[in-house]
Amino acid sequence: MSTDTSIHGGIDAAADAVGSVWPLHSFVTANPLAGFEDRPFHEAVADAERVLGGDGYPSADVFRRAWEAGRIDPGELRSRLTAHGYDADPAASLDRMAERTVAGRETVAETDRVDAVLTKWLSAFLDQGQATWPMPNREQGFYRAFCAVAPYDGEIPDGDVLADLPDDPADAIRDRLSNYPVDRWPDIFEFQLAALPGWTGLLKQRAAAGGDWQSAFPITLAGYLAVRLTLTAQFDAPIAPAEAPGDVDDAATDGDRVPLPEVWLSAWEATYRAELVESVADATDSVADTGEGDGDADRPVAQLVFCIDTRSEIIRRHVEAAGNYETHGYAGFFGIPMRHDGYESDVATDACPPILDPEHRIRDRPADGAADERDDYDRWDTVLDAAKSAVHGLESNAATAFSFVESAGFGYGAALAARTLLPGRVADLLAAADGRVPDRHEFCEPSVDHDPDTEGDLPEGLTLEERVEYAATAFELMGWEEFSRLVVFTGHGSRTANNPFDSSLDCGACAGNPGGPNARVLAAICNDDAVRAALRDRGIDVPEDTVFLAGEHNTTTDEVELYASTVPESHEAALDRLRADLDTARAGAAAERAGDMGADPDSGLRDTRRRAVDWAETRPEWGLAGNAGFVIGPRALTDGLDLDGRAFLHSYDWTTDPDGDGLEAILTGPLVVTQWINTQYYFATVDNAAYGSGSKVTHNPVGNVGVYQGNGGDLMTGLPLQSLMSGDDEPYHQPLRLSTVVHAPTDRVTEILADNEQIAGLLDNGWLSLTVVDPTQNGRAFHYDGDLAWTPVAERRTVGAATTDPEPATPSAAGD
């Protein structure tokens, strides 16, 4: 094997220890320990602690609070403690757990100096439009640009050496490692890449995704590592870890036993899961009796499809309570893996889950007959852009800055005071101004029709066959057989002010972007006469009077904006009624959210709106904090249940999916995305210093790609404290791994797991759990125990301080 192969292969393998990090403007919640998912959870967190220095379990204090709050069933906990050889006394085990400390990752002064210089150059190179004077030579790539410019950096000792580095970064790495045996190189790569996991994760994601910025200014892990190793030589910093991986005895495992925090965590999860499974199992009879569970024989006023996002669970309850409405859950990109070009947008966005590659380019283009609205928009947009450019130029021009501040200072001060002290009033003025300018969706339509002559790496639009397939998949997956006169595909986004992590509150299924554009595409597809004709041939009969439209749910205020410019006059009465009932639902949902935020529920509308526009507000909404469950099945299973905004809900009817293809798509797609979200919230809660981003109060945005804590260092990799904690030491988010409940035959789920090793591996290794409520066995529940085996939930029983479990059942394993 050549050393070049060893270098590139070793770098790729070592980078698995570091989770991918997305740019701040499209922040994606992902598992920071994704590279460790091939091993049991307790082993993975121990390995990650060695490499990254982060703790992988909640603290003893967090477990103690959960225990005292009654969130952990005593019998469940004691039986698990006994089964794993621990003292069954909860107080004693908590005291023992509290004695354990995490040492963290130690660094030396020379390494700190390497990090300081390296992060300065990384932030300059990776800047995405924030810097006024960009770094020279970026088009040559990071390694060559650094070699050309860094010799002028006075902080680097003997910087002239950098100009003489080899042209190929692999050669520079080879030269630096010449005194080390090749079999030590992987350890060195991992040690160096894990030194700045935030920057490494960003480079890893950027190189893998490509995109416009990477094409214009390329950077590779090899180039980054070559620069880092060169700087270690200049600063005489350590190049290899003090101890090789595997030499450290992990006391947390207590020998061969499962670690004590794992036992407590699993008992906490089992307590939550038992309540969720019981509720779903109890509702199984209503599904069997009524199909989708809608006991009202009248045609609904409207059907609304929301994202599976946990925040949708709240608004869906209130919409259904407001009138005769039917709601469904579907992944918020609405099944269309697309790259979206907004009207006059400078950068296209990938509006699909990160586990998928976009397959279509969709542009917002002016619609026929909307010339007046377009002209109004362009006129106001030109005025605003000119004003912003003038102010920016005055602020950044040294010759005019002082005179500008002198003349405009009072006005600036008054504006600052108003936005700080009266954010609601300012929002009213801005809303009134916005009301004079048409929204882009009022004069634009998505380029749904396929354009064979388009240029670029993706085809523009979709063929008729593709449009039919996306529409049919949605309806078949959700089990639809009847249609209302109005069907609303409702994407979601958030509205926040002065929040670097605002994209983390948008749609995760749309890669941290609002889901409105995807909803508009699916609505346009379903309104197409040719698509409807083809759907009828597939047994999906959409009535002639059914009109599809899009909307977007603002998760901060719970306002649902309808994109209804194409709705005919014949449907105006139904549309007016829907809007009125959505206002009613908004008031109820906002009151519920305000209560969760510690505000007066009676002022829910006012408080949620204030939080959305107040630039001093560090906690505009809770986002997906609290997420713990995922229910896959008909709405009737959860209709009427208050799941407290903690469960993802995906509509699915096993009776309309005879081959199980739809369920397989959910388990290999949305389930993976929700597991990413869940683990991001989990790890950012249990160790925010290692896997989160600390307090928003001290955030320092850099290059429009990330944030520092303070004035430099590593990029923060996860969610801020304010997204997770209700107080300094009180987590709002309960750090639990995802509990998934599926309403489907057990043998069908077994076959899917047998065919998909990745999902089976996540379950076998304890990264999430799975329970099946089997409608073919009178709604009995079976819990997945690993290796394609199941245990009937009803037969798990507690006797005194111990639990007796029956032998695992294996209903219809694939291939039997």
Side-chain angles (χ1 to χ4, degrees), residues 3 6-18 21 51-53 105-126 135 138 140-151 153 155-159 161-180 184-207 217-242 702-703 705-706 708 712-715 717:
T3 54
S6 298
I7 288 171
H8 291 289
I11 291 173
D12 290 341
D16 285 342
V18 179
V21 177
V51 176
L52 302 173
R105 183 183 176 93
E106 297 182 0
T107 61
V108 296
E110 291 78 10
T111 299
D112 290 340
R113 294 173 67 193
V114 170
D115 291 345
V117 170
L118 186 54
T119 56
K120 176 180 65 178
W121 286 104
L122 285 170
S123 63
F125 181 86
L126 293 170
M135 176 181 172
R138 289 201 296 170
Q140 298 179 20
F142 176 68
Y143 175 74
R144 290 187 175 87
F146 176 84
C147 292
V149 182
D153 186 347
E155 294 185 61
I156 301 176
D158 196 14
V161 172
L162 304 178
D164 297 327
L165 288 173
D167 291 337
D168 189 339
D171 293 334
I173 294 173
R174 185 184 301 105
D175 293 345
R176 185 69 181 96
L177 300 183
S178 59
N179 293 329
Y180 294 86
R184 285 293 312 276
W185 291 9
D187 296 345
I188 295 171
F189 294 157
E190 183 181 79
F191 176 67
Q192 296 294 340
L193 291 174
L196 294 171
W199 284 111
T200 298
L202 180 67
L203 304 186
K204 178 179 172 181
Q205 186 278 331
R206 175 163 161 159
F217 311 121
I219 185 170
T220 65
L221 286 173
Y224 163 72
L225 194 56
V227 170
R228 182 173 184 89
L229 291 173
T230 299
L231 289 176
T232 62
Q234 301 305 99
F235 287 103
D236 196 25
I239 187 172
V702 53
V705 294
Y708 290 142
D714 196 14
L715 289 184
T717 60

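Scanning all heavy atoms of the two residues, the minimum distance from Glu110 to Phe235 falls at CG-O, 3.3 Å. Nearest heavy atoms, Val702 versus Ser123: CG2-CB, 3.4 Å. Nearest heavy atoms, Phe191 versus Pro238: CE2-O, 4.1 Å. Minimum interatomic distance between Val51 and Ala17 (heavy atoms only, all atoms of both residues): CG1-CB, 4.1 Å. Of all non-hydrogen atoms in Val114 and Ala237, the two that sit nearest each other are CG2-CB, 3.9 Å. Heavy-atom minimum distance, Pro186 versus Ala14: O-CB, 4.1 Å.
Listed by chain and residue number, Leu196, Trp199, Tyr708 satisfy the side-chain contact (heavy atoms from CB on, under 4.5 Å) test with Thr119 (two or more places apart in sequence, or in another chain). Under the side-chain contact (heavy atoms from CB on, under 4.5 Å) criterion, Arg144 pairs with Gln140, Asp167, not counting sequence neighbours. For Val227, the side-chain contact (heavy atoms from CB on, under 4.5 Å) criterion is met by Leu118, Phe142, Tyr143, Phe146, Leu231, not counting sequence neighbours. Applying the side-chain contact (heavy atoms from CB on, under 4.5 Å) criterion to Ala148, with sequence neighbours excluded, gives Asn137. Applying the salt bridge (charged side-chain N to carboxylate O under 4.0 Å, His left out) criterion to Glu155, with sequence neighbours excluded, gives Lys120.
Atom CG of residue Leu202 and atom CG of residue Leu126 lie 6.0 Å apart, to the nearest 0.5 angstrom. Note that the CZ atom of Arg113 and the CG atom of Asp236 stand 10.0 Å from one another [nearest 0.5 Å]. Annotation: the span from Ile7 atom CD1 to Leu225 atom CG amounts to 9.0 Å, rounded to 0.5 Å. Rounded to the nearest 0.5 angstrom, Leu193 CG and Leu221 CG are separated by 6.0 Å. Interatomic distance, Arg184 CZ to Asn179 CG, rounded to the nearest 0.5 Å: 12.5 Å.
Put simply, the side chain of Val117 does not reach to within 4.5 Å of the side chain of Gln234, judged on heavy atoms. Between Ile173 and Phe189 the shortest side-chain heavy-atom distance falls below 4.5 Å. Side-chain contact between Leu203 and Thr200 is absent, with no heavy atoms from C-beta onward closer than 4.5 Å. Using a 4.5 Å cut-off on side-chain heavy atoms (C-beta onward), Ile239 and Gln192 make contact. Counting heavy atoms from C-beta outward, Leu122 and Tyr224 have side chains that approach closer than 4.5 Å. Residues Pro197 and Asp714 form a side-chain contact, since some pair of their non-hydrogen atoms from C-beta on lies under 4.5 Å apart.
Judged by distance alone, with hydrogens and angles left aside, the side-chain atoms of Trp185 form a donor-acceptor pair with the main-chain N or O of Tyr180 at under 3.5 Å. The backbone N or O of Phe125 lies less than 3.5 Å from a partner atom in the side chain of Arg138, making a donor-acceptor pair.
Under 4.0 Å is where a charged nitrogen must lie from a carboxylate oxygen, and between Asp12 and Lys204 no such pair does.
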